Amino acid sequence: MKQTIRLVILAAMLAVGLPALTKAQTGNGSAGECTEENKAKLYTQYYENRKDHQDVAYDAAKKYLAACPDLPADDVYGKTLKKFVKDYEAATRKVQFLEAYDKKNYAEVMTLGKQVLADDPGYVRANILMGYVGYLASLGGNTSLNTESANSAKQAIALVEAGKTPDDWRPFLNKDDALAWLNYSLGYTSLKTAPADAIPYFLKAARMESSLKKNPATYYFIAVAYETGPYTRLTDEYNAKFKGQTESPESKLAQANINQVVDREIDAYARAVALSTATDAKTQQTRKEWMDRLTELYKYRNKSETGLNELVAGILTKPLPDVPMPLTTLPTPPATGATTPVTSPAGTSSGTATAPPPAPAKPGAISTTPAKTTPAKTTPAKTTTAPKTTTPNTSQTTKPKPKANHRRRP
């Protein structure tokens with residue numbers, strides 16, 4: 001759909017119907033000079049084209065103002081032309097901003113987006129698209145926009161949650177879809193540098209009504225964030241303090257805190273496996289990798305695979321667990337449960353403090369794309385003759401590269 005932007009003309013000018021200057025009001029003068037004759041010529045050109053040929057009107061207005069830069073502040077014709085030029089240029093920047101997004105020129109989106117918001121601070125769609133392009137750029141390996149884009153995403157989320165709405169939700173379906181993808185974008189772009197911070201964003205995305213709720217990649221990335229964030233930190237601390245030492249209440253408590261995180265990984269991998277139903281070879285390989293890791297973690301926590309298939313079969317009926325709170329005292333083991341806390345890994349002596357299970361040898365991979373939109377047919381409003389946009393892209397086909405966001409542990 002062609003982008004249409006109706007330029008707002010000065011209300012007072014339209015109300016009184018300011019006419020073009022006439023010969024009776026002018027003297028003689030050459031083109032380009034601030035003479036009455038030249039002013040009449042340029043203003044008439046602006047006035048006659050201000051509705052249907054606004055590029056011509058803009059050119060005439062610019063020439064008028066360039067020829068007469070020192071117009072009095074109360075000059076009604078000068079005020080009218082200055083307002084027209086300002087609105088036309090702002091509308092043009094908005095069109096160029098949307099064109100840059102359509103063309104996947106994400107750095108230009110960020111640059112033009114700042115200008116558009118300076119023109120129109122209430123243009124919510126600018127915040128949304130600027131908050132989303134960091135994720136899109138990072139899919140191709142460009143992480144230079146992550147920080148700025150993350151700030152825009154947070155601003156967009158705050159605005160939308162406060163009740164602000166854009167003039168167009170695309171490339172998203174609706175409010176919830178946009179919020180889910182903005183949170184997902186924040187999680188994805190922080191996964192490599194701050195995985196613990198990524199977890200709450202992924203959890204928010206997974207809990208909203210969008211395509212991400214049933215996308216196995218969402219839960220895979222939750223597992224990766226736990227693995228490379230709190231799991232790695234707690235494991236390093238455990239090994240530094242307790243590895244090879246006699247088991248103690250302190251080491252048991254440290255182990256219990258690690259086990260909480262492992263249980264979250266088990267939950268996330270189980271959801272990823274449960275949602276992986278595609279039959280193509282690549283997805284099946286990914287599912288196998290996830291299932292292998294899930295089995296490893298499950299056996300570590302339960303000493304066998306008994307109950308694993310039942311866990312996967314029923315996991316989607318259970319609420320997605322929150323980030324665990326740090327334990328300060330040892331928990332009391334429940335009487336039953338698929339992931340009963342243990343004080344020592346299977347196959348080890350209960351008298352020696354031991355490290356948690358090893359990290360997976362290789363992470364899986366799966367593509368993610370926003371849901372396609374189906375915009376309703378509309379009759380375009382009167383548009384300026386500023387540059388036209390192409391049809392907004394309603395879905396992304398670039399595939400994420402989770403391997404780039406996951407560091408291996410020995």
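Bear in mind the structure is a predicted one, so any value in this text is a computation, not a measurement.
By the 4.5 Å heavy-atom criterion applied to side chains, P195 and V224 are not counted as neighbours. For the pair V85/L65, a side-chain contact is recorded, criterion being any heavy-atom separation below 4.5 Å from C-beta on.
Remark: K243 is not positioned above the aromatic ring of Y238, lacking an NZ or CZ atom under 6.0 angstrom from the ring centre and at most 45 degrees off the axis. Figure legend: R125 and Y123 shown without cation-pi pairing, the cationic atom not lying both under 6.0 angstrom from the six-membered ring centre and within 45 degrees of its axis.
A distance below 6.0 Å separates the ring centres of Y184 and F202. Between Y77 and Y43, the distance separating the two ring centers is shorter than 6.0 angstrom.
D176 and M208 get closest at one heavy-atom pair: O-SD, 4.0 Å. Closest of all the heavy-atom pairs between F84 and A57 is CZ-CB, 3.8 Å. Looking at every heavy atom in both residues, L129 comes nearest to R170 through CD2-O, 4.1 Å. The two residues L330 and A256 make their nearest non-hydrogen contact at CD2-CB, 4.1 Å.
Applying the side-chain contact (heavy atoms from CB on, under 4.5 Å) rule to Q45 yields the partners L42, N49, V56, A60; only residues at least two apart in sequence or on another chain are considered.
Residues Y58 and E89 bring a donor and an acceptor atom of their side chains to less than 3.5 Å of each other. For the residue pair N302 and S304, no side-chain donor N or O sits within less than 3.5 Å of a side-chain acceptor on the partner.
Enclosure of atom CD in Q115 by more than 12 non-hydrogen atoms of other residues, nucleotides or ligands within 6.0 angstrom is indicated.
Using a 4.0 Å cut-off between charged side-chain N and carboxylate O, E289 and R293 make no salt bridge.
Ring pair Y135/Y188 is perpendicular by interplanar angle, where above 60° counts as perpendicular and below 30° as parallel.
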- Message: Pair Y269, Y219 - check ring pair (Phe, Tyr, Trp, His ring centres under 6.0 Å), show working.
- Response: CA-CA 7 Å; Y269 274 117; Y219 304 97; over 10 Å; no
